[in-house]
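Atoms within each ligand, like the ligands themselves, are counted from 1 in listed order. The first residue of the sequence shown is numbered 1, and numbering continues consecutively from there.
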Amino acid sequence: AEAVWGSCLAQALYMTADFAGSVAAFDAAERLEPLPVNAALTRAQAAAFAGMETGPVEAALDLYGQLAGPQAGDAVQLAREAFAVFTAFERLDAARAVGAWLERQAPPDVIQAYEARVLDDPSVTRAPADYVEALFDDFAERFDHQLVEMLDYRAPAELAGMLERYQTRFERVLDLGCGTGLSAEPLARFGGTLTGVDLSRAMLERAAARGGYAELVQADALAFLAGRPAAFDLVFAADVLIYFGDLAALFETVAAALTEGGYFVFSTELAEDGWQVLPSGRFAHARAYVEAVAGPRFEVLEMVPTALRREGHSTLAGGLYVLRRKA
Ligand SMILES: C[S@@+](CC[C@H](N)C(=O)[O-])C[C@H]1O[C@@H](n2cnc3c(N)ncnc32)[C@H](O)[C@@H]1O
């Protein structure tokens with residue numbers, strides 16, 4: 001029982017990104033009895049991550065190979081996971097070192113290319129379409145489980161609940177960046193026909209399987225909106241503005257796609273000031289910035305600060321907005 005307890009402690013330390021502590025706890029548990037295969041693999045991974053924080057990435061990957069033995073997973077995959085963990089926990093030096101190693105593994109894919117340049121390139125004002133598409137094609141299968149069950153993501157239901165206090169019926173609804181269709185059910189209460197648009201085919205396939213959409217379109221948000229003037233009385237965008245930095249063009253095209261008095265409802269990650277790109281490659285926006293960009297075309301009816309989802313040690317601060325298009 002003591003060995004099991006020790007393994008549990010080691011897993012917990014791993015989850016909180018104390019990788020050296022996790023290895024020490026696994027070692028202590030192993031002195032009592034041999035580690036089960038899964039625990040031994042987690043120890044190998046913890047040892048590799050701890051090594052990446054203190055020394056060369058290659059050496060850490062070698063160590064992983066030795067410790068994991070024949071069960072070892074792919075090194076590039078492990079490095080990608082390390083990159084995600086280090087950015088989530090804001091260990092940017094380690095993230096950069098792993099990013100540089102990944103870049104040397106030819107050829108870098110679009111995801112790696114964007115992640116490597118995003119922190120240091122001031123010309124990045126939105127996530128590129130090919131990056132978003134590749135990222136979500138890759139993520140689609142795990143998205144619902146990870147966001148809803150692991151990360152406590154509830155923005156679609158919260159946004160729909162806010163909107164309902166202003167208007168209870170909409171005729172033509174656009175779910176912008178609809179993903180796997182998590183918003184379809186919360187939006188059903190408003191009636192009308194629901195269109196979903198998204199860059200990722202794999203996400204759209206899941207939305208189609210979930211149901212609730214009259215139409216699903218694979219397109220970039222801006223291009224799609226530009227082709228549908230005055231077509232919707234509600235544009236709903238849950239967790240999508242995080243892929244846009246500068247919001248001016250997006251707000252302008254949303255306004256043009258809405259009928260007069262139509263609603264634009266969305267969530268953002270919160271920034272202190274203006275908009276900024278985060279180590280995750282996503283973008284955050286200050287309330288004052290959103291209000292300033294919205295001002296010419298929208299009335300901001302409500303903004304509610306919220307915890308968007310869990311990230312690293314804490315929750316991610318976000319904002320939920322209800323806007324109405326001016327006449
Ligand atoms: C975090 S997911 C949120 C999905 C869904 N709205 C939800 O709340 O579950 C973001 C989605 O926005 C899509 N997306 C991001 N930028 C986009 C763009 N410029 N045009 C169309 N879709 C975009 C992504 O493909 C992804 O499916």
Pair D144, T180: side-chain N/O donor-acceptor within cut-off below 3.5 Å: yes
D152/R154 under salt bridge (Lys or Arg N to Asp or Glu O under 4.0 Å): CA gap, chis, key distance, verdict: CA-CA 6 Å; D152 214 11; R154 296 182 311 269; 3.3 Å; yes
Distance filter under 4.0 Å to R126 heavy atoms, resulting ligand 1 atoms: 19 (N)
Under 3.5 Å: N/O of S183 near N/O of ligand 1: no
Region of F224 engaging ligand 1 - heavy atom pairs below 4.0 Å: neither
Heavy atom of P156, distance to ligand 1 below 4.0 Å: yes
Identity and distance of the protein heavy atom lying nearest atom 17 (C) of ligand 1: L199 CD1, 3.7 Å
K326 (side chain) donor-acceptor with G295 (main chain) under 3.5 angstrom: yes
Parallel, tilted or perpendicular: ring planes of F143 versus Y153, cut at 30 and 60 degrees: perpendicular
Identity and distance of the protein heavy atom lying nearest atom 3 (C) of ligand 1: A238 O, 3.5 Å
Identity and distance of the protein heavy atom lying nearest atom 27 (O) of ligand 1: D198 OD2, 2.7 Å
Protein residue, atom and distance nearest to atom 10 (C) of ligand 1, heavy-atom basis: D239 O, 3.4 Å
pair E115-T87: side-chain heavy atoms closer than 4.5 Å: no
Contact summary for F283 and A127, nearest pair of heavy atoms: CE1-N, 3.5 Å
Contact atoms of ligand 1, heavy-atom distance to L182 under 4.0 Å: 9 (O)
Region of A219 that comes within reach of ligand 1 [heavy atoms, distance under 4.0 Å]: backbone
Atoms in ligand 1 flagged as close to G177, the criterion being non-hydrogen separation under 4.0 Å: 4 (C), 5 (C), 6 (N), 11 (C), 12 (O), 13 (C), 22 (N)
Protein heavy-atom partner closest to atom 8 (O) of ligand 1 - residue, atom, separation in Å: Y153 OH, 2.5 Å
Atoms of ligand 1 close to M203 [distance to a heavy atom under 4.0 angstrom, numbered from 1]: 27 (O)
Contacting atoms of ligand 1, where contact means under 4.0 angstrom from a heavy atom of D220: 18 (C), 19 (N), 20 (N)
Under 3.5 Å: N/O of T180 near N/O of ligand 1: no
Contact partition for A221 relative to ligand 1, non-hydrogen atoms under 4.0 Å: both
S123-D121 side chain donor-acceptor pair, cut-off 3.5 Å: yes
F244: numbered ligand 1 atoms lying under 4.0 Å from its heavy atoms: 19 (N)
Salt bridge (Lys or Arg N to Asp or Glu O under 4.0 Å) between R80 and E103, worked out: CA-CA 11 Å; R80 295 192 57 93; E103 254 188 289; over 6 Å; no
Check against salt bridge (Lys or Arg N to Asp or Glu O under 4.0 Å), E299 and R325: CA-CA 6 Å; E299 229 179 307; R325 213 201 90 163; over 6 Å; no
Contact summary for A134 and V110, nearest pair of heavy atoms: CB-CG2, 3.5 Å
Which segment of V240 sits under 4.0 Å of ligand 1 when only heavy atoms are counted: side chain
Within reach of ligand 1, part of C178 (heavy-atom separation under 4.0 Å): backbone
Side chains of D233 and L258 in contact at under 4.5 Å (non-hydrogen atoms): no
Atoms of ligand 1 close to V132 [distance to a heavy atom under 4.0 angstrom, numbered from 1]: 14 (N), 15 (C), 16 (N), 24 (C), 25 (O)
Criterion ring-ring contact (aromatic ring centres under 6.0 Å, His included) against F266, the qualifying member of F244, F236, F251, F298: F251
